[in-house]
Amino acid sequence: MSSTEQGTSSAAPAEPTTAPESAAAPEVPESFYYVHGKDKVVHKVSAGALQHSALIHGMISNLGYTEEQAKANPFPFENIDGDILQMVVDWCNQHKGKPTPPEDTNLPKQKEKLFDLVLAVNYLEIKELLTYCCKQVAMMVKGKSPEEIREIWMIPTDAEDEAAEKEAKKRAGKEAAGETAAAAGDAK
Amino acid sequence: MPIRLLSLPTADLQYTLHCMGTCELIAFSLCSKRTKTLSKSLNRKIGQPSVIVYENCIRFYILIGQSIKAYEYIPLEIFDSCIKLRGHLTGVWKRQEFTQSDWFAHILDIFNESIIQKLLIENTTPSFLDTLKRLNPKCRLLVINAYCSTKLPKIGFWKLFSNAEQVDIYINVLDKRNDISQCLSRNLKTVRFRDSRSSIGLVASDLLMNNIIYLTIDNAIITEKELIRFVKLWMKGNHRFYRPKLIELFFENAKTREEVLRGIKYQTVDNKHLLKRADGKEMLLSISSRSVIFEFRG
């Protein structure tokens, strides 16, 4: 569980409600960090939950922030939509301190957001969630024909691929010509 | 709710494709050249498929399932311009420009498969035989059935037999003397001529020239005199390499042990007749009324 607060990255978030700790949890108070996505909504997440993300874990392991410093410096993930980040944070909280089973039914099911979720999870390097998301993507085409797969996964035809390739080559040629002209201008 | 699969980061895309079932992967590979290349790059295995070739349809049995503990073979029926799936994934996939040969080549290609467990030819067309020859898949067992139309078994046999570890042929394709000597002199592993209605005539020199390691002829014709001649010539051939390990000849007409062994010196071991050459090579002969079996040792 996490709490959210509308505001900028510099705004101090309200005290969130956190997931109840298990009886066997250590007495040492848990440290919390703050993240926000494109919508600037700040999410408070425990260090334990953030361990799922290799990216964030790598960032915080070297910081040694105090609670106040962490509050004041939420991690900005401007490339991730707020609702997607919320899903990720929820998942990390639900699976804090325990490995994900191979078939986790507790995970987000919103297929319309699946693509963005995969990108976010890939960026945040949450391996277990990424594995599950990829399986979900694969399940989307179970029992489907090539035409249906093309539609579901927006696969371009050969003609479209060729046209895109030509376009890319043309663009690259123009850019190269531009760079050459600029270099010639600099030389003068 | 569409998803731009090909825009996923490479590792995620690869993992997603790994999670797909085999039939879905075939369907995906048919979407475009790019998806075909991606499917091929996964190096998915279909466990040496079995293939039955009919005149207008090829039935392709592929292994599906992610682990060896949970697998099943499902048949894909390949026609010109479409594939029919049977079993848990029933449906028809069409591709107008594809012939049977294209489908066949496509499936072997995306799974990087060059070995077919069993290739059973019930009937086919010369053009498909050409395709098989061109694709050149190795074959554990090639079976040419008796129902093939007249000329095809012979064409099929001569085109395909060199790629097969074992050939079972249920129709006589060796109807000329020249065919017999040409076929027996090939370096093949196992060939079984199973046509019991049509006989294959042999002479001693055919057996001496034989290079097939395990040869079975269900309906052979050879005189006792030629059999004796073969045995005697083999005995004289000291230090000459002889590749076969087993020759099984079955006859319609009964032969007696005395006739086959006339004038030959042998020891009897376990009801078989052991002949030893001066170079240490041995021939073990089992004779019954309708068969002679030669085993070669050393």
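Throughout, a chain's letter reflects where its sequence line sits, starting with A, and its residues are numbered from 1. Quick caveat, the model's predicted, so the values are computed rather than measured.
Counting all heavy atoms, side chain and backbone alike, A/E147 lies closest to B/K94 at OE2-O, 3.8 Å. Here the closest heavy-atom approach between residue A/P146 and residue B/A27 is recorded as CB-O, 3.5 Å.
Under the 4.5 Å side-chain criterion, counting only non-hydrogen atoms from C-beta, A/C134 is not in contact with B/L13. The shortest distance between side-chain heavy atoms of B/T35 and A/W153 does not fall below 4.5 Å. Contact check for A/T157 versus B/C31: no side-chain heavy atoms found under the 4.5 Å cut-off. Looking at B/S7 and A/F115, their side chains come closer than 4.5 Å, going by heavy atoms from C-beta outward.
The most heavy-atom pairs under 4.5 Å with chain B, out of A/V141, A/V137, A/I149, A/D158, come from A/D158. Contacts with chain A were tallied for B/L17, B/I26, B/L6, B/D12; B/D12 has the most, counting heavy-atom pairs under 4.5 Å.
One finds the OG1 atom of B/T16 at 11.0 Å from the CD atom of A/Q136 (value rounded to the nearest 0.5 Å). Separation of atoms CZ (B/R4) and CD1 (A/I155) is listed at 13.5 Å; rounding is to 0.5 Å. Distance check, rounded to the nearest 0.5 Å: OG of B/S32 to CD of A/E162 gives 10.5 Å.
Partners of A/T131 by side-chain contact (heavy atoms from CB on, under 4.5 Å), not counting sequence neighbours, listed by chain and number: A/K135, B/Y15.
No part of A/E148 comes within reach of chain B, as not one of its non-hydrogen atoms sits under 4.5 angstrom from that chain. Using a 4.5 Å cut-off between heavy atoms, A/E165 does not touch chain B at all.
With hydrogens and angles ignored, the 3.5 Å screen pairs no side-chain donor or acceptor of B/E24 with any backbone N or O of A/K144.
Evaluation of the salt bridge (charged side-chain N to carboxylate O under 4.0 Å, His left out) test over residues 105-118 of chain B, restricted to residues two or more places apart or in two chains, returns B/K36-B/D109, B/K40-B/D109.
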